[in-house]
Protein chains: 2
Amino acid sequence: MTGPEPTDQEPAGARGGGRDRRPTMADIARHVGVSRPLVSIVLRGAEGASDATRQRVLRAAAELGYRPDSLAQGLRSNRTRHLGVLFALRRPFEVELVEQMFPVVERLGYHLLLGATTAFRGQEAVTDELLRYRCEGLVVVGPELDGHRLEPVAEEVPVVEIGRRVTRGPVDVVRNDDAFGTRQAVDHLVSLGHRAIAFVDGGDNPGAEDRRAGYAAAMAAHGLAAEARVVPGGYTEDEGAKAAGLLLSDRLPTAVIASNDLSAIGLLDSVLRAGVRVPHELSVVGYDDSRFARLPGIDLTSVRQDVPRMAELAVQAVVERLDLPPREPRDVALPPQLVVRGTTAPPP
Amino acid sequence: MTGPEPTDQEPAGARGGGRDRRPTMADIARHVGVSRPLVSIVLRGAEGASDATRQRVLRAAAELGYRPDSLAQGLRSNRTRHLGVLFALRRPFEVELVEQMFPVVERLGYHLLLGATTAFRGQEAVTDELLRYRCEGLVVVGPELDGHRLEPVAEEVPVVEIGRRVTRGPVDVVRNDDAFGTRQAVDHLVSLGHRAIAFVDGGDNPGAEDRRAGYAAAMAAHGLAAEARVVPGGYTEDEGAKAAGLLLSDRLPTAVIASNDLSAIGLLDSVLRAGVRVPHELSVVGYDDSRFARLPGIDLTSVRQDVPRMAELAVQAVVERLDLPPREPRDVALPPQLVVRGTTAPPP
DNA sequence: CTACCGAACTAGCACGTGCTATTAGCACGA
DNA sequence: TCGTGCTAATAGCACGTGCTAGTTCGGTAG
């Protein structure tokens with residue numbers, strides 16, 4: 001038993017803290033006095049180990065502070081069971097959607113790898129990073145129109161787009177029926193007696209095009225095509241505030257539908273500051289029914305998207321493509337639901 | 001009799017798309033007709049390959065759509081160069097901080113691994129997941145007071161806390177001087193002529209305690225201890241709105257300082273809705289100077305934390321502990337800066 | 001006593017990459 | 001002819017884990 005023992009010590013001072021190497025299965029094996037594969041068997045809960053050994057191994061693992069190495073596991077098994085999600089960190093709606101994905105992913109036995117796009121990193125760079133991590137599928141929240149092409153990515157891993165279809169090919173899409181949403185908003189306002197209903201546009205953001213089209217169609221359906229008025233805007237509070245400026249400087253409508261909640265909130269605060277009473281002089285409708293809309297102080301009438309359901313469908317679609325045989329691309333448009341709150345009332 | 005086919009391939013149909021195995025360095029090597037290590041040399045940009053070969057390898061890599069495998073790289077090199085960041089997905093301030101960390105981390109040659117805490121996953125579970133990924137350091141934004149102990153984690157990897165110190169031991173802390181921030185707010189309001197200045201508390205959220213203490217001390221310093229009034233609240237819009245209800249139902253002060261912007265915005269909207277004119281009848285001050293505060297429609301006077309600087313210092317602290325010899329724990333408190341906007345004015 | 005069997009355990013390869021050590025090939029000087 | 005020195009390229013181990021194919025060992029049937 002002459003232990004030649006090749007000392008595999010690292011240069012001790014390299015890592016600042018002088019921290020010990022993290023314990024591995026081999027360490028546990030040495031500690032208990034069994035072979036390394038047996039430790040693997042125990043930790044995986046596989047068959048082939050006696051109860052006594054099982055106890056000793058588990059105890060040693062706890063003592064040493066063992067933590068499974070996801071890198072090695074993923075490398076060896078070729079299944080990382082990780083799904084990447086691409087989203088914009090500064091869009092509350094997308095963040096909310098991501099939040100709802102966690103329980104679904106976990107239930108299906110996967111993990112979520114967050115790929116946040118910021119001002120510094122576009123969708124392309126983030127996608128690349130996610131794929132380097134061997135994530136097995138990709139959920140793209142609010143896919144961008146310009147630039148980044150997802151077609152080649154969709155050939156490597158299953159891709160699901162949330163919000164709108166941007167990519168051709170075997171890409172599933174989960175969205176809400178945006179046109180139906182704005183139609184409900186128009187219907188609601190018309191039923192209150194409004195005729196001069198303006199619309200704050202959403203630019204080229206996800207869903208914006210359909211929302212604008214739904215507004216135009218609904219106005220026409222009510223014989224109010226002549227009253228229709230689209231003000232340029234976007235999905236941010238700033239853009240909503242700017243749109244408010246445009247409306248205030250011109251003739252004020254009796255109601256406004258904004259392309260999303262942030263925009264509606266920016267608009268709302270601007271007109272309130274200008275002394276316009278809401279909803280008595282102006283009704284305001286948002287879109288998304290975000291947590292801001294639900295605030296007691298804001299209490300915004302808004303079109304609700306079924307966020308948990310969208311998150312669930314998107315994750316399910318990716319996992320199906322991973323575990324089941326190929327199928328036709330699917331495009332699900334969930335019906336949104338207008339939530340009436342305090343910012344809408346009959347016109348003066 | 002026939003050997004059991006050492007086909008290490010997976011069942012072809014298991015993966016839904018029937019997608020090919022992703023290309024590796026060995027594939028490139030075969031394609032070009034060189035050895036695998038030579039491909040490694042070229043892709044790493046190391047010395048030891050002729051320019052001609054270099055070109056051929058790079059071309060083949062592009063053709064095959066090669067993408068480095070982060071798992072294998074991290075496993076082999078024992079340096080993932082990944083920093084984990086723990087933050088709450090539903091706190092805009094923390095999200096903003098994370099966003100600012102990206103360029104810093106990238107500049108130092110590291111990558112950011114997002115560990116988002118949600119309603120479904122607490123700090124403990126997320127920390128564990130990050131460590132399984134072999135992240136080399138941890139930035140904890142807004143560490144929780146209760147439950148989760150970071151001491152044992154700090155013995156494995158460098159830990160930095162942003163917002164407040166929660167953990168003893170070799171943990172660096174980056175925060176802003178919260179007491180100084182609220183003091184500036186009080187000074188500003190007093191200089192405008194206010195005496196009845198209320199404070200909406202932040203509960204046990206990061207920094208809240210110091211902000212409250214700073215308020216109390218500043219009021220006392222101005223001889224206004226008798227006027228001091230702390231209303232229970234929190235860091236969310238809801239809690240701000242509730243605080244507004246408490247203020248409205250009682251005697252209204254001439255000014256309110258909220259513990260953070262979200263709370264201030266909830267409060268702001270509530271009092272505006274109640275017909276209180278801001279700032280003419282009531283001055284409002286927030287904390288954080290978030291993007292909501294800067295909105296034209298909100299235009300909230302607020303105490304600004306230097307978010308990019310905090311992000312930079314935190315990341316630098318972690319990296320220093322990784323690359324440099326151990327040093328004493330550091331606790332940096334940056335001076336915040338009151339930004340005066342439209343929600344503060346002399347009392348009526 | 002031998003043969004056999006199942007439980008408990010071990011040997012060893014594979015995953016994709018980084019890196020050190022080694023070798024082939026060539027030019028040059030003595 | 002033989003080294004010497006250099007470049008270009010290859011051999012091979014290691015990282016930590018999963019998993020297949022053995023191997024030991026005690027017990028039991030023949």
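Keep in mind that this is a model prediction, so the values were computed, not measured. Just so it is clear: chains get the letters A, B, ... in the order the sequence lines come, proteins before strands, and each one is counted from 1.
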Please report the distance, rounded to the nearest Å, between [atom1] in [X] and [atom2] in [N].
X	N	atom1	atom2	result
B/I41	D/dA8	CD1	C1'	8 Å
A/L71	C/dA14	CG	P	22 Å
A/R81	D/dG18	CZ	C1'	14 Å
B/N78	D/dC13	CG	P	19 Å
B/L38	D/dT7	CG	C1'	12 Å
B/R79	D/dA14	CZ	C1'	18 Å
A/L75	D/dG16	CG	C1'	9 Å
B/D69	D/dC15	CG	P	18 Å

Verify the distance criterion only: is there a donor paired with an acceptor across the side chains of B/N78 and B/R134 at less than 3.5 Å?
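Note: B/N78 and B/R134 side chains meet the donor-acceptor criterion.
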
Looking only at the side chains, is there a donor atom on one of A/R36 and A/S40 sitting less than 3.5 Å from an acceptor on the other?
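Judged by distance alone, the side chains do not pair up.
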
Compute the centroid of each ring, for A/Y133 and then for B/H82, and state whether the two points are separated by less than 6.0 Å.
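Under 6.0 Å, so yes.
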
Close aromatic pair by centroid cut-off 6.0 Å: A/H111 and A/F102
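Judged by ring-centre distance (under 6.0 Å), A/H111 and A/F102 do not meet the cut-off.
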
5′-ward residue of the pair B/G48/A/A72 relative to DNA chain D
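Residue closer to the 5' terminus by nearest nucleotide: B/G48.
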
Any side-chain N or O of [X] below 4.0 angstrom from OP1/OP2 of [N]?
X	N	value
A/Q73	D/dG16	no
B/R36	C/dT17	no
A/R76	D/dC19	no
A/S50	C/dC9	yes
A/S77	D/dC19	no
B/T24	C/dG16	no
A/Y133	C/dG16	no

base_contact_polar (C/dG16 base, B/R22 side chain, donor-acceptor, <3.5 Å)
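Check fails, no donor-acceptor contact within cut-off.
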
Between the base of D/dG16 and the side chain of B/R134, is one N or O donor paired with an acceptor at under 3.5 angstrom?
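By the distance-only test, no, there is no pair.
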
Under a 4.0 Å threshold between the charged nitrogen and the carboxylate oxygen, would B/D331 count as salt-bridged to B/R164?
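No salt bridge links B/R164 with B/D331.
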
Could you work out which one of C/dT10, D/dG18, C/dT17 sits closest to the side chain of A/S40?
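Comparing C/dT10, D/dG18, C/dT17 against the side chain of A/S40, the answer is D/dG18.
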
By nearest nucleotide on DNA chain C, pick out whichever of B/M25 and A/R56 is the more 5' one.
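Whichever sits nearer the 5' end wins; that is A/R56.
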
